[in-house]
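Following: one structure in structure tokens, then a few remarks.
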Amino acid sequence: MTKRTLETLRNIGVIAHIDAGKTTVTERMLYLSGASHKVGQVDKGTTITDDDPEEADRGITIYSACVTFDWNKSHVNLLDTPGHVDFTAEVERCLRVLDGAVVVFSAREGVEAQSETVWRQANKYGVPRIAFINKLDREGAGFERVFNELNRRLGATPVAISIPYGQGPEHVENPFRGIIDLIEMKLLTFDKESLGKQFEVSEIPEEMLDEAQVWRETMIEKLYEYSNEMMELALQEEPIPIPLIRKVLREATLAMQIQPLLCGSALHGIGVQTVLNAVEHYLPSPLDRPAVKGFNPFQKDKKTGEPAIEERGPNNEDPFCALVFKIIPERTADNYWVRVYSGELKQNSRVSNPGKELKENVSQLWQLRASKKNPQGQIEKVGAGDIVCLIGPRHSITGDTLCDPKHPIVLEAIEFPKTVISMAIEPENTAERKKLGEMLEMLKRQDPTFQAVENEETGQTLISGMGELHLDIIKNRLLRDFKLNVKVHKPRVSYRETVSKATETVGECHRIVGGAQLFAKVKLRIEPNTESDKPVTLINACPPESLSADLVTAVMEQLKAKGEGGGLSSFPLSKLKVTFLGGETREEGSNEMAFSIAASEAFEHALRAAGPVLLEPVMKLQITTPEDYYGDFVNDIQKRRGMISETEQRGEVTVIEAHVPLVELFGYSDSMRSLSQGRGGASMQPHEYQPAPPEVGREYGITS
Ligand code: GDP
């Protein structure tokens, strides 16, 4: 085996819409690489990557872990990413640390809602991709249809490098039997007995030759755009050497101009070798990725006065830096999964977490090997580009940077979406409260999209997350795994509050405090703000000569606190702009306290006067159903206050896209199944916040 070097490393993830076959593809990859001798089956809950009991129960992948295996001359670190939309943050975290991705699509369902989300996320993080159209053995499979959807729905530039030989079981005279490699122009047929481990290479059958030629021409023509050398050869009508085709495919993939497209059926072991070869040929090594940027919190840039920006290149000579992307709690010590960007780290060393001004010990380094005999391998040191599990750190959390204490750097943080749903939990007694607090702290460290806030008055703790399933899993962990005695309330959506019109108000303070008469007047404008992502934008427009700097600061601090403190409904404020217009003083008694009180009063007046509105989270719902149930789904969506935005016939199925308030979607997966007698599928993701019906507002004290 070749030495594990930067050139031979591939940090990849398999990402997909739920049920497209991500877990099956992953399993087959491990099996083919010789790492696991028994093929796990998702439906039986025996896969290698789904090792959390919660995952095996639900047959979906929730928590990502990293498995390492060898393929030809490459060393592949495979990060397992979740497919369910409630876990988009996990996908984001993985995309942040991997170098390339294999995106799996179902040949039947095609591009689904979640495929669009992950595709956009991968664009955002600049991750080069290859695409794999799976399930070609299934009824209703359509290779060309999905190829076109990739173009049209994702704005992708797929370049097919293999095509199916036959399609679906219904073509009795032409069932799906194998794939045609358009680069080598050969037919590959796979032996079912060995689950595709054995395969045969033969000439393309006569009846497929024309079709294969057309696809090959399409591939070559697309590649001309990226290579003058290829173009010249074509003009001279010279044959194009295979290594040149591969080189151009690689360059264009790394530049994110194209995505090589492959196909097969993971369940039957058809075509997965070609995906692994494509990972080696076309996906980047850490060396192909740009240097990472971060800042040094202890050094100011001379020109800007901001913390100095620093870079770390993918090499062992630069100082060590790594990003924590996952923490798995263990009874003995938490497992910290990190991606190393630069430098080397040895066992028994000390690293720093400059973002939190902490030092951590690293006592051991582990890599999870997908091998039955030696599933975990302890290693002495890890180098740039690799992914490894650290034992020793205790205080760092997901998203933190660990680095060489002599060369502090904080890498760009991972952005996490806001929570849309929450649930109250109440411990039975004080001892339980303490335990609950500790457990929630631990869960928060692992999962940055999960929040928990204790309300001292009611004794309740409000936990918030990304969806019903997310909270359900947390609930199960508390009750089943940690055996806590807590009462769990029904989940409710996280509303927000904003205003409907611009209003100017004045707040005054005429109080007597400690025998002294206080006086202040503060003038504010509050208005809706749809331009900024910030919940509350504060602007100081007070003429500088009218008030002293201390009084202005007192007002701005009070406005900031009020903005963060929640609205009239006590839900968080959102889409709001608050401008401090000016104030009035008197010779005596106009101090900071007076101005704080006046600012607070002005803020509250303004919220009432500006027409408060309660906003509710609206989800983008995508339903895939046989046409027979289309009418029932449409009626049901209307009953749930939903709006249909798109309906499309894709092969055998109808796809409905709608925007539906989250509060109307509780328990939707069950009702969706009974509506379609188990034949439909649905997924949803947060779309936007929209005004809730007035009666909901009134329930929370908002009348406008
Ligand atoms: P994931 O949710 O994306 O991880 O998808 P899974 O790998 O769990 O697969 C979802 C379902 O599709 C399972 O029942 C698999 O057995 C099945 N499946 C996966 N790949 C194929 C395939 O190539 N052909 C067929 N017919 N079924 C498949």
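Starting from 1, each residue takes its place in the sequence as its number. Counting starts at 1 for both ligands and their atoms, in listed order.
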*Between the candidates H268, R28, K135, which shows the shortest non-hydrogen contact distance to atom 18 (N) of ligand 1?*
K135

*Identity of the nearest option to atom 27 (N) of ligand 1, non-hydrogen atoms only, from V14, L267, I133*: L267

_Contact partition for R138 relative to ligand 1, non-hydrogen atoms under 4.0 Å_ = side chain

*Classify the contact between D137 and ligand 1 as side chain, backbone, both or neither, using a heavy-atom distance cut-off of under 4.0 Å.*
side chain

Need the ligand 1 atom indices (1-based, order shown) with element for anything under 4.0 Å from a heavy-atom of [X].
X    : value
H17  : 3 (O)
S265 : 22 (C), 23 (O), 24 (N)
K22  : 1 (P), 3 (O), 4 (O), 5 (O), 7 (O)
A266 : 23 (O)

*asked:* Holding to side chain to side chain contact (heavy atoms under 4.5 Å, CB included), I want the full list of residues that pass it with L478, two or more places apart in sequence or in another chain.
replied: I425, L436, M439, L440, L443, I474, F482, L484

_Test salt bridge (charged side-chain N to carboxylate O under 4.0 Å, His left out) on D99 and R339; report intermediate values, then the result._
CA-CA 11 Å; D99 295 322; R339 151 89 197 229; 2.9 Å; yes

_Heavy-atom contact check, 4.0 Å cutoff: does A16 meet ligand 1?_
no

*Quick check: does V25 get an N/O under 3.5 Å from an N/O on ligand 1?*
no

